[in-house]
Amino acid sequence: MSEPMNRIVIVGAGQAGFQAAASLREAGYAGSLTLIGEEAALPYQRPPLSKAYLAGKTDARGLLLRQDSFFAEHAILHRAGTRVAAIDRASRSLRLADGERIAYDHLILATGTRNRPLPVPGTELAGVRQLRSLDDADGLRAAIEGAQRIIVVGAGFIGLEFAAVCAGRGLSVTVIEAADRVMARAVSPETSEAFRAFHEEAGVTFLFGAGVSAIEGEGGKVSAVRTADGRSLPADLVLVGIGVVPNQELAEAADLPVRDGIEVDAFLATSDPAISSIGDCARFPTRFASGMPGGDRLRIESVQNAVDQGRCLAARLTGRPSAYDAVPWFWSDQGPRKLQIAGLAAPGDASVVRRTGAGFSVFRFRDGTLSAVESVDRAADHMAARRLLAAAKTVTPEQAADPDFDLKALATR
């Protein structure tokens, strides 16, 4: 390390921030380490909130990334319920909302994302909810108990996972989606069609190509959702899940470059050598985005990315720098179906379907090169795909489509 680094401060106590802290200690960093989070809870897993937690299959303690004793044992000062108001790059310090100042030698911004608001009248009504935090999930669990008619705005991962939980309880569920298919930004038309069918078999109704013009209420509580074409759909509970936006305001106010995220280089460093950024809020270069419409820089919202970037940055800060090059992968449990994605597909990437047993995988190709694999109830295909993409192994569309071709053998050569 070129300068002494006795004080590292991490802003954001989600998956990325926690992982950076844990990995720093694991890598031998012995200096002061402070983890600042706005939520009052200990760092916890978010993905189960829309699935196992809502379904009552796990409790809040089961979500925790580590118990309270971990932070004391590893000398990590966890400042819960604390908001950072500003970064003073000149003095290398943070100003907290209460006026307190915290000095740093290196600052890690792991500020994550927040839900994109629905810009229509009526979102303030009781019964209109979003899902991002543990508090949100607790409110939803209580609200579901008294609801019969559920409207979900947005057919992305969160919306469909929530729809599956509600349909599993026998509730009436309608999903309104502006695009023409489910998970349109994330998966191929083939995978979209399969999941539409899965959900419809479970009793979910879809409205595609539909916008929301207003949320209507009676006595301060939601009663219906009005669509752009004039329909009024009765509702006791509305979940809005139309994506997220990065929490980049702290960085922007400190004159760090931002563009749909905090700009970092291949080593996860910002333009200020004393500040790095990781996780959902960071926009970084990756070979897996090469040839995509937005170029080779993007943000990735996933546990895998948060964890791997936390580890990569910890290695750099403890004298073992390497460019971040992890294979992106994602998953979504929707009812009994498990979707696993390895790689990054562009909208125009070609699709090849491989069917084996009860599940299937869709192999995506960009200019003849494997770009991503979407596996439905095919964990073996998913693991092989991660190895193939990591090693940039060549697989042809014909091999991918052949259920007898040994993908595992190719991946492990």
Side-chain angles (χ1 to χ4, degrees), residues 3-25 29-44 46 64-115 117 130 132-136 244-258 261-264 268-283 306 309-310 313-314 317:
E3 297 181 24
M5 203 173 295
N6 299 316
R7 298 167 299 186
I8 296 179
V9 178
I10 304 170
V11 181
Q15 189 87 53
F18 167 79
Q19 187 63 55
S23 294
L24 280 164
R25 287 301 190 223
Y29 174 70
S32 169
L33 185 53
T34 302
L35 179 63
I36 301 174
E38 289 196 12
E39 293 187 60
L42 289 168
Y44 61 89
R46 294 189 191 277
L64 296 180
L65 291 168
R66 293 291 188 280
Q67 302 300 319
D68 192 42
S69 58
F70 173 88
F71 298 90
E73 290 167 3
H74 292 81
I76 299 170
L77 177 59
H78 176 220
R79 297 282 301 264
T82 301
R83 186 173 69 83
V84 175
I87 302 167
D88 185 336
R89 290 169 53 192
S91 67
R92 291 192 179 178
S93 67
L94 302 176
R95 177 170 56 82
L96 304 185
D98 64 3
E100 180 185 352
R101 289 191 173 269
I102 298 178
Y104 64 82
D105 296 314
H106 198 87
L107 174 64
I108 301 172
L109 297 176
T111 48
T113 60
R114 61 185 181 277
N115 288 334
Q130 296 189 343
R132 181 68 184 167
S133 68
L134 182 56
D135 286 346
D136 292 337
V244 299
V245 293
N247 293 323
Q248 62 187 31
E249 289 78 11
L250 269 179
E252 187 172 18
D255 292 326
L256 294 171
V258 300
I262 302 168
E263 296 273 12
V264 296
L268 309 174
T270 71
S271 60
D272 184 331
I275 303 177
S276 301
S277 183
I278 56 175
D280 292 7
C281 66
R283 186 170 183 268
Q309 287 192 342
L313 178 56
L317 297 182

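Looking at heavy atoms from C-beta onward, Leu107 lies out of side-chain contact with Asp272 at the 4.5 angstrom threshold. For the pair Pro43/Leu35, a side-chain contact is recorded, criterion being any heavy-atom separation below 4.5 Å from C-beta on.
Screening Val264, Ile262, Leu256 for a side chain to side chain contact (heavy atoms under 4.5 Å, CB included) involving Ile275 leaves a single residue, Leu256.
Taking every heavy atom of both residues into account, Arg132 and Val244 meet most closely at NH1-CG1, 4.4 Å. In terms of heavy-atom proximity, Pro246 sits nearest to Gly261 at CG-N, 3.5 Å. Closest non-hydrogen pair, Tyr44 versus Ser133, comes out as OH-CA, 3.4 Å. For the residue pair Ala41 and Ala80, the shortest heavy atom distance occurs at O-CB, 4.4 Å. Between Ala274 and Tyr104 the shortest heavy-atom distance is O-CE1, 4.0 Å. Pairing each heavy atom of Leu109 with each of Cys281, the nearest pair is O-SG, 3.7 Å.
Here the straight-line distance linking atom CG of Leu313 with atom CD1 of Ile108 works out to 4.5 Å at 0.5 Å rounding. We find the CD1-CG distance between Ile102 and Leu94 to be 6.0 Å, quoted to the nearest 0.5 Å. Within the model, atoms CG of Leu250 and CD1 of Ile87 stand 5.0 Å from one another, a figure rounded to the nearest 0.5 Å. In this structure, CZ in Arg283 is found 12.5 Å from OG in Ser277, a value given to the nearest 0.5 Å. Annotation: the span from Leu42 atom CG to Phe71 atom CZ amounts to 5.5 Å, rounded to 0.5 Å. Rounded to the nearest 0.5 angstrom, Thr270 OG1 and Asp255 CG are separated by 11.5 Å.
Using a distance-only test at 3.5 Å, with no hydrogens or angles considered, a donor-acceptor pair links the side chain of Asn247 to the main chain of Thr111. Without hydrogens or angle criteria, Arg95 side chain to Asp88 main chain gives no donor-acceptor distance under 3.5 Å. Looking only at distances, no side-chain donor or acceptor of Tyr29 sits under 3.5 Å from a matching main-chain atom of Leu317. Side chain of Arg25 to main chain of His74: a donor-acceptor pair is present (N/O by atom type, distance under 3.5 Å, no hydrogens or angles).
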| query | Yes or no on salt bridge (Lys or Arg N to Asp or Glu O under 4.0 Å) for Glu249 and Arg114, after CA distance, side-chain angles and deciding distance? | reply | CA-CA 12 Å; Glu249 289 78 11; Arg114 61 185 181 277; 2.8 Å; yes
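The pair Arg46-Glu39 meets the salt-bridge criterion, with a side-chain N (NZ, NE, NH1 or NH2) lying under 4.0 Å from an Asp/Glu carboxylate O.
Residue pairs meeting the salt bridge (Lys or Arg N to Asp or Glu O under 4.0 Å) criterion with at least one partner in residues 66-85, sequence neighbours excluded, are Arg79-Glu100.
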Under 3.5 Å, which donor-acceptor pairs link side chains of residues 6-20 to any protein atom two or more places apart or in another chain?
from  : atom 1 : to     : atom 2 : distance (Å)
Arg7  : NH2    : Asp105 : OD1    : 3.2
Gln19 : NE2    : Ser23  : OG     : 2.9

